[in-house]
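Remarks on the structure that follows.
Atom set for the values below is all heavy atoms of this structure, side chains included, hydrogens, waters and symmetry mates excluded. Chain letters run A, B, ... following the sequence lines, proteins first and then strands; every chain starts at 1.
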Amino acid sequence: MTEIGIEVNARAVKAWVEPRTHLADFLRDHLNLTGTHLGCEHGVCGACTLLIDGMPARSCITFAAACDGAHVTTIEGLDDDEIATELRSAFTREHALQCGYCTPGMLISARDLVLRLDAANERDIRLGLAGNLCRCTGYVGIVRAVRSVIEDRRKRGIRPVLSAGREQLGPVGSGNGARGSRAQVSSRPANVEAPERASSAAAIPDFVADKIFEQHVTIAAPPAEVFAMFGDIKQIAACLPGASLTAEPTPEHVEGLIEVRLGPISAGFRGSARIGRDASTMSGRIVGTGNDQRSRSSTQGEIRYHLVPIEQGAATRVELSIGYSLQGMLAQIAREGLVRDLASRLTAEFARNLERRLSGTAESQRTRPASPVDGGALLFDVLRGRVRAILRGLLRR
Amino acid sequence: MKAAPFAYERPSDLNAAVALIAEADGAAKIIAGGQSLGPMLNLRLVQPELIIDIAGLAELKQAGRSGDELLIGACITHGDIEDGRIPDVTRSAMRCVAGAIAYRAVRNRGTIGGSLSHADPAADWVSALPALGAKVRLRSINGVRDLAVEHFIRGALETALQPGEIVEAVRVPVMRPSARWGYVKACRKPGEFAHAIAAVMIDPERGAACAVIGAIEAAPIVLRDAASLFGGSVTGNFRRQFDARVAEALLVEAGLANAADRHIHVAVLRRAIDEAA
């Protein structure tokens, strides 16, 4: 717990908060100021917008502990505010609300625009309100209301306040409190990662992938050697960064775990895959499912590979088609391109590892601690979107 | 949608912060404005044991001229730049970029150093700063080092930051009076992540041009010498000389397989060049 002192609506408040408590929860649950609404809780919808040090900010992605010494104004604190009073009348007159859920955040953002905008330009008002979602009104009434207040105030000779009067630099809310505060290390529950049973091969269904992309990689070994290597699940898993087998694999079925890192995010997809190979066409297919308990995300993936001889058969071009569907929290941020970029980096590393193994250098002995999963790994990748194409791709997906 | 528990430290000065980060040995996440990390914490995609809050560090909230460049502390917000609370050496280029980042409520807390450290390919500074010729200054207990922004951004959400290192400042060179600037991004909704970004700084007097094609879901394409986009030399007629095929080829080389995506990137680049002309 961390002790903070905040001024909320001109009232000094002292409280102990958990570091993870965001400002909106602190206001609603500790101070009973429920006028601040929570919608998306990840900074997109704008319902939780309030004033910190006089400037609009998202209270759902601002931790209360980070606001020590700050001046916070919620919608409840704007009862007697001149601009807010004018806006409330205008909202009523123009039918600028229906259910009212977005209205507290909308009024805070609108007040900032009334304060700062030079002229009541519809485009600027719409841009300024783009971070506050309303699903009832279609915005027309809201824009009209804001516009009328700006026009009226400018007519009355009230000038806009550039910068909304702020002079201090840095994130609003920061730097007001005692410096060097130290939170007591809150008891952090061990990451409970209940081992979950991977589904059996028979239970892995075909599926229609949401996203499909193609990748290819070149390996300096003849196709027959590469194809044989692809059949050795343990070897493949060892080449796949972050992959490990959780059960003894069979040629048709693999269970494993793949740890993937995407910037600050790390996830461990646990799952299983079934593997099909066709030596006559030098191709194969891996279909699997997996899920990451921590991010409560799940994925289904399919990797198809085809080995093509190049350089007179001395080298192999591995053509990969990677399809995946991703559900859960990760799907919120794992844009297709991010997955693709991750996949290409993984694929390149996989190819390097594979080449080392095929050339039998000492490097091949130096497997990472977590090694191996082939199909499973592939699946996982797919899952995560980090499908890298290559072998791994195969593996994972 | 609540963050998992974490321990929280607010060091008193930069030295203490850097020491703490070194001590944490990679187990900690640094937070400044928290506008990128916050959502990931709430979604529990990131569950650090320790969060070190650097937003209060006065050393990181300064900005000032130093010779031919502007030194911008890592915790200067987009809003500080948008509102002109810090000096500008880019003839308003940075103010315009800052003013179109996400939403006002986000700009009031989101920082320039945080945005670079997060390295989302669709983030504005990741593409705009290389075109301005900016560098980042990184600090650890071992001292400081400077890197060009394009060398700092390694890939999607990947940077050259070593464990124990933080972004201390951004160094932006003074823009020459003869330089022309263009910055365009394509978003389906204002404030949303960009689907394409182009930044160009073209100086026909010196025959020099720099172009950045960003938001390609990987590190941006940075052409420090972009003469090839204009038939080999940069003249006053650069707008007419723009060769879309060269840009198209660069995008193919960068792995953009989708022709429609490439078309959007080329169109956005053309608009940035038009803006500069």
Side-chain angles (χ1 to χ4, degrees), chain A residues 2 18-20 22 25 41-43 46 49 55-58 60-63 65-66 109 112 127-128 130-131 162-163 166-167 169-175 177 179-183 185-189 191 213-214 262-265 294-295 329-330 332-333 335 337-338 340-342 344-345, chain B residues 1-12 16 29 32-35 37-40 42-47 49 51 53 55-56 58 61-63 75-77 79-80 83-86 102-106 108-109 111 118-119 121 155-158 189-191 193 216-218 255 257:
Chain A
T2 301
E18 262 196 277
R20 71 181 185 125
H22 59 59
D25 272 349
E41 269 191 299
H42 62 290
T49 308
M55 307 288 273
R58 302 284 205 234
C60 73
I61 49 174
T62 300
F63 293 106
S109 291
D112 180 58
L127 275 176
L162 294 177
S163 249
R166 182 171 170 84
E167 287 168 7
L169 296 176
V172 296
S174 72
R179 305 183 74 190
S181 102
R182 196 177 169 109
V185 175
S186 56
S187 53
R188 179 188 161 80
N191 223 340
F213 59 92
E214 319 257 314
L262 183 60
I265 302 167
R294 198 160 39 176
S295 67
M329 295 298 183
L330 264 177
Q332 298 277 340
I333 66 118
R335 306 192 299 268
L338 292 179
R340 196 178 304 211
D341 182 59
L342 178 65
S344 63
R345 278 182 278 145
Chain B
M1 300 301 291
K2 313 293 180 192
F6 52 78
Y8 174 81
E9 299 269 8
R10 196 163 61 222
S12 56
K29 279 300 295 176
Q35 301 301 286
L37 186 58
M40 290 186 170
N42 282 3
L43 290 163
R44 298 199 178 192
L45 293 170
V46 183
Q47 301 187 22
E49 281 174 28
I51 286 190
D53 184 353
K61 294 196 281 192
Q62 300 167 348
C75 289
I76 293 297
T77 65
D80 291 335
D83 287 352
R85 281 190 290 275
I86 67 164
Y103 314 108
R104 179 79 178 168
V106 170
N108 285 331
R109 279 190 57 81
T111 65
H118 187 60
L157 310 183
E158 294 286 333
K189 167 184 179 296
F193 281 114
I216 57 170
E217 304 294 21

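Taking each heavy atom of B/G38 and A/I61 in turn, the nearest pair found is C-CG2, 3.8 Å. Nearest heavy atoms, B/A55 versus A/S174: O-OG, 3.2 Å. In terms of heavy-atom proximity, A/T49 sits nearest to B/A105 at CG2-CB, 4.1 Å. Nearest heavy-atom pair, B/Y103 versus A/R58, reported as atom, atom and distance to 0.1 Å: CD1-NH2, 3.2 Å. Among all heavy-atom pairs drawn from B/T111 and A/P171, the shortest one is CG2-CG, 3.7 Å.
B/E158 touches chain A through its side chain: at least one heavy atom from C-beta onward sits under 4.5 Å away, while N, CA, C and O do not. Residue contact with chain A, scored on non-hydrogen atoms closer than 4.5 Å, involves the backbone and the side chain of B/A218 alike. Using a 4.5 Å cut-off between heavy atoms, B/N108 contacts chain A through both its backbone and its side chain. Both the backbone and the side chain of B/M1 come within contact range of chain A, with heavy atoms under 4.5 Å apart.
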Start with the C-alpha distance between A/M55 and B/R109, add both sets of side-chain angles, then the distance that settles side-chain contact (heavy atoms from CB on, under 4.5 Å), and finish with yes or no. CA-CA 10 Å; A/M55 307 288 273; B/R109 279 190 57 81; over 6 Å; no
Could you please spell out the steps behind the side-chain hydrogen bond (donor to acceptor under 3.5 Å, both in side chains) verdict for B/R85 and A/S163? CA-CA 8 Å; B/R85 281 190 290 275; A/S163 249; 2.8 Å; yes
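Contact count against chain B (heavy-atom pairs under 4.5 Å) is highest for A/G131 among A/G128, A/G43, A/G131, A/C60. By number of non-hydrogen pairs under 4.5 angstrom with chain A, the leading residue of B/R104, B/M40, B/H118 is B/R104.
Comment: A/R166 does not engage B/D83 in a salt bridge, judged by the lack of any side-chain N to carboxylate O separation of less than 4.0 angstrom.
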